[in-house]
Amino acid sequence: MTETDEYTVSFTAEEADAGKRADVLAAEKAQITRSAAANLLLKGAVTVNGAECRKNYKAAAGDIFTVELPEPQPCDAVPENIPIDVAYEDEDVIVVNKPQGMVVHPAPGHISGTLVSALLYHCGDSLSDINGVIRPGIVHRIDRDTSGLIAAAKNNAAHLSLAAQLEDHSMARVYYAVVLGNLPERGTVDAPIARHPSDRKKMAVAKEGGRRAVTHYETVEELGGFTLVRLKLETGRTHQIRVHMAHIGHPVIFDPVYGRPSQFEKQHPGLMNGQCLHAGELSFTHPSTGERVTVKAPLPEYFEKTLNLLRSR
């Protein structure tokens with residue numbers, strides 16, 4: 001049985017809930033994402049039988065849970081008439097081909113000109129609110145200076161479905177990058193990622209701990225000391241591709257954070273506004289129809305120009 005008021009969800013674990021972790025159960029009953037439930041548990045906003053609940057607590061039938069949901073905060077994002085390249089859209093989901101240089105959601109120093117502002121103008125009130133007013137509709141993110149496909153949910157049911165697909169890795173995300181050096185025909189980087197120990201703005205492969213991170217890659221074209229690669233994410237950690245490729249000695253070119261500038265990059269300093277990385281394919285199970293949806297975005301102009309310059313040397 002579940003009881004809900006505006007910001008509190010209370011429920012009693014049933015026999016079918018026995019053995020479920022608290023974060024899984026809280027997400028199900030409160031209809032929030034697993035990551036949101038985990039954050040609430042860390043903040044002490046979830047109790048079981050009147051006591052603060054741990055994330056990995058396993059429910060027993062009859063346990064009484066209370067989830068305190070945060071009140072909505074004022075939104076810094078406002079609708080802006082910013083042209084967006086819509087690659088796919090229906091009543092549940094919108095997929096946008098984000099240009100290089102666009103920030104996904106408001107953050108200090110980036111209040112306007114974000115993808116969220118563009119979506120608020122394009123979709124009006126038809127965006128999920130599970131991630132709060134700062135990130136309406138946003139299910140996953142790509143870096144500001146990475147171009148390509150990003151999906152947003154237009155209602156909460158769609159958001160929960162897409163978020164679950166991210167959790168179980170059934171949402172397929174494929175990227176294209178130009179990296180330094182020549183790689184084997186294909187390979188896998190399986191190395192956990194954590195916050196950099198000394199630079200909190202960066203991520204790094206963790207010697208101990210860290211979150212599991214797996215990137216599969218295959219060579220598309222060798223470019224004389226550079227390689228066009230196709231990369232498939234098995235997990236989706238912050239800066240994952242950029243960190244993994246740098247870790248194996250083949251950083252994405254023009255990456256200002258993890259890169260190692262080559263002579264070619266020094267000769268063409270204004271070629272692009274960040275790393276040569278493009279989210280080119282996105283595949284997911286449609287939240288309403290159950291059908292598989294695959295969306296593709298062609299390589300953008302900056303990427304094609306880079307390839308042509310490398311081929312013509």
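Only a predicted model underlies this, so the values are computations on that prediction, with no experimental measurement involved.
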inquiry  = For a quick check under 3.5 Å, do Gln100 and Ser147 share a side-chain donor-acceptor pair by atom type?
reply    = no
query = For residues Ser283 and Arg292, is any side-chain donor paired with an opposing acceptor at under 3.5 Å?
reply = yes
remark   = Partner of Leu119 under side chain to side chain contact (heavy atoms under 4.5 Å, CB included), picked from Val104, Val86, Ile138, is Ile138
ask   = Is it the case that more than 12 heavy atoms not belonging to Arg311 sit under 6.0 Å from its CZ atom?
value = yes
ask   = Can you find a pair of side-chain heavy atoms, one from Leu233 and one from Ile241, that are under 4.5 Å apart?
value = yes
ask   = Is it the case that Ser170 and Asp168 place a side-chain donor and acceptor less than 3.5 Å from each other?
value = yes
message = Do His159 and Ser161 pair up side chain to side chain, a donor and an acceptor below 3.5 Å, judged on atom types alone?
response = no
task = Using a cut-off of 6.0 Å, state whether more than 12 heavy atoms not belonging to Glu15 lie near its atom CD.
result = no
query = Going by atom types alone, do Glu291 and Thr285 pair a side-chain donor with an acceptor below 3.5 Å?
reply = no
Passing option when Lys29 is tested against Val24, Thr12, Val67, Asp17 for side chain to side chain contact (heavy atoms under 4.5 Å, CB included) = Asp17
request  = Please confirm whether the backbone N or O of His216 pairs with a side-chain atom of Arg186, one donor and one acceptor, at under 3.5 Å?
outcome  = no
Donor-acceptor contact below 3.5 Å, side chain His278 vs main chain Ala297 = yes
ask   = Is there a donor-acceptor contact under 3.5 Å from the side chain of Thr306 to the main chain of Tyr302?
value = yes
All N/O donor-acceptor pairs, side-chain side in residues 243-251, below 3.5 Å, sequence neighbours left out:
from	atom 1	to	atom 2	distance (Å)
His244	ND1	Thr215	OG1	2.8
His244	NE2	Ala191	O	2.8
His250	ND1	Leu180	O	2.7

query = Distance-only, no hydrogens or angles: does the Lys98 side chain make a donor-acceptor pair with backbone N or O of Met102 under 3.5 Å?
reply = yes
Student check: side-chain heavy atoms of Tyr217 and Val189 closer than 4.5 Å = yes
key: ILVMFWY network linking Val116 to Ile94, side-chain heavy atoms under 4.5 angstrom   = yes
Main-chain N/O of Pro79 paired to Ser117 side chain as donor or acceptor, under 3.5 Å = no
note = Looking only at heavy atoms, the pair that brings His286 and Asp90 closest together is NE2-OD2, 2.5 Å
ask   = Distance-only, no hydrogens or angles: does the Glu304 side chain make a donor-acceptor pair with backbone N or O of Glu301 under 3.5 Å?
value = no
query = Can you tell me how far the CZ atom of Phe284 sits from the CZ atom of Arg173, to the nearest 0.5 Å?
reply = 13.0 Å
inquiry  = Looking at Arg211 and Pro192, would you say the former's side chain and the latter's main chain have a donor-acceptor pair under 3.5 Å?
reply    = no
query = Where do Val95 and Ala151 come nearest, in terms of heavy atoms and distance?
reply = CG2-CB, 4.1 Å
inquiry  = If hydrophobic clusters are built from ILVMFWY residues whose side chains come within less than 4.5 Å, do Ile193 and Leu231 share one?
reply    = no
inquiry  = Tell me whether Arg242 is salt-bridged to Asp143, with the criterion being a basic N under 4.0 Å from an acidic carboxylate O.
reply    = yes
query = Mind checking whether Val220 and Leu277 sit in one hydrophobic cluster, side chains of I, L, V, M, F, W, Y counted as touching below 4.5 Å?
reply = no
message = Can you confirm whether Met203 sits close enough to Gln240 that some side-chain heavy atom of one is under 4.5 Å from a side-chain heavy atom of the other?
response = no
Check: Asn308 main-chain N/O paired with Ser312 side-chain donor or acceptor under 3.5 Å = yes
query = Does Lys154 pair with Asp92 as a salt bridge, N-O distance under 4.0 Å?
reply = no
query = Around atom CD of Glu91, are there more than 12 heavy atoms of other residues, nucleotides or ligands at under 6.0 Å?
reply = no
message = Could you see if Leu299 belongs to whatever hydrophobic cluster contains Phe254? Use Ile, Leu, Val, Met, Phe, Trp, Tyr and a side-chain cutoff under 4.5 Å.
response = yes
message = Taking the side chain as everything from C-beta on, heavy atoms only, tell me whether Val214 gets closer than 4.5 Å to Lys232.
response = no
key: Spacing of CG belonging to Leu282 relative to OH belonging to Tyr88, to within rounding of 0.5 Å   = 11.0 Å
Common cluster, Ile253/Val179, ILVMFWY with side-chain heavy-atom separation under 4.5 Å = no
inquiry  = Determine whether a donor-acceptor pair (N or O, by modelled atom type, separation under 3.5 Å) exists between the side chain of Lys55 and the backbone of Arg21.
reply    = no
task = Identify the heavy atoms of Asp145 and Gly101 that sit nearest to each other, and give their distance.
result = OD1-CA, 3.6 Å
In a table with atom names and distances, give each donor-acceptor pair under 3.5 Å that connects a side chain of residues 37-49 to protein atoms at least two apart or in another chain.
from	atom 1	to	atom 2	distance (Å)
Asn39	ND2	Ser35	O	3.4
Asn49	OD1	Ile64	N	2.9
Asn49	ND2	Asp63	OD1	3.0

key: Between Glu185 and Thr219, a side-chain donor and acceptor under 3.5 Å   = no
Beyond-backbone contact of Arg230 with Val174, side-chain heavy atoms, under 4.5 angstrom = yes
message = side-chain hydrogen bond (donor to acceptor under 3.5 Å, both in side chains) for Asn81 and His122? Distances and angles first, verdict last.
response = CA-CA 8 Å; Asn81 186 7; His122 181 85; over 6 Å; no
request  = Measure the shortest side-chain to side-chain distance between Leu223 and Leu307 over non-hydrogen atoms and say whether it is less than 4.5 angstrom.
outcome  = yes
query = For the atom pair CZ (Arg141) and OG1 (Thr146), what is the distance rounded to the nearest 0.5 Å?
reply = 13.0 Å
ask   = What distance do Phe226 atom CZ and Cys276 atom SG have between them, rounded to the nearest 0.5 Å?
value = 10.5 Å
ask   = Can you tell me how far the CD1 atom of Ile142 sits from the OH atom of Tyr175, to the nearest 0.5 Å?
value = 5.5 Å
inquiry  = Between His268 (side chain only) and Leu271 (backbone N and O only), is there a donor and an acceptor less than 3.5 Å apart?
reply    = no
query = What heavy-atom pair brings Ala194 and Gly210 nearest, and what distance separates the two atoms?
reply = CB-CA, 3.8 Å
query = Between Tyr258 and His239, does the ring centroid distance fall short of 6.0 Å?
reply = yes
inquiry  = Please find the pair of heavy atoms, one from Ala213 and one from Thr235, that lie closest to each other, and give the distance.
reply    = CA-OG1, 3.1 Å
Minimum-distance pair of heavy atoms, taken over all atoms of Ala158 and Ala153 = C-CB, 4.0 Å
message = Measuring only between side-chain heavy atoms, which start at C-beta, is Met171 closer than 4.5 Å to Leu162?
response = yes
task = For residues Tyr176 and Phe303, establish whether the separation of their ring centroids is below 6.0 Å.
result = no
task = With the side chain counted from C-beta on, respond yes when Leu115 and Ile150 share a heavy-atom pair under 4.5 Å apart, and no when they do not.
result = yes
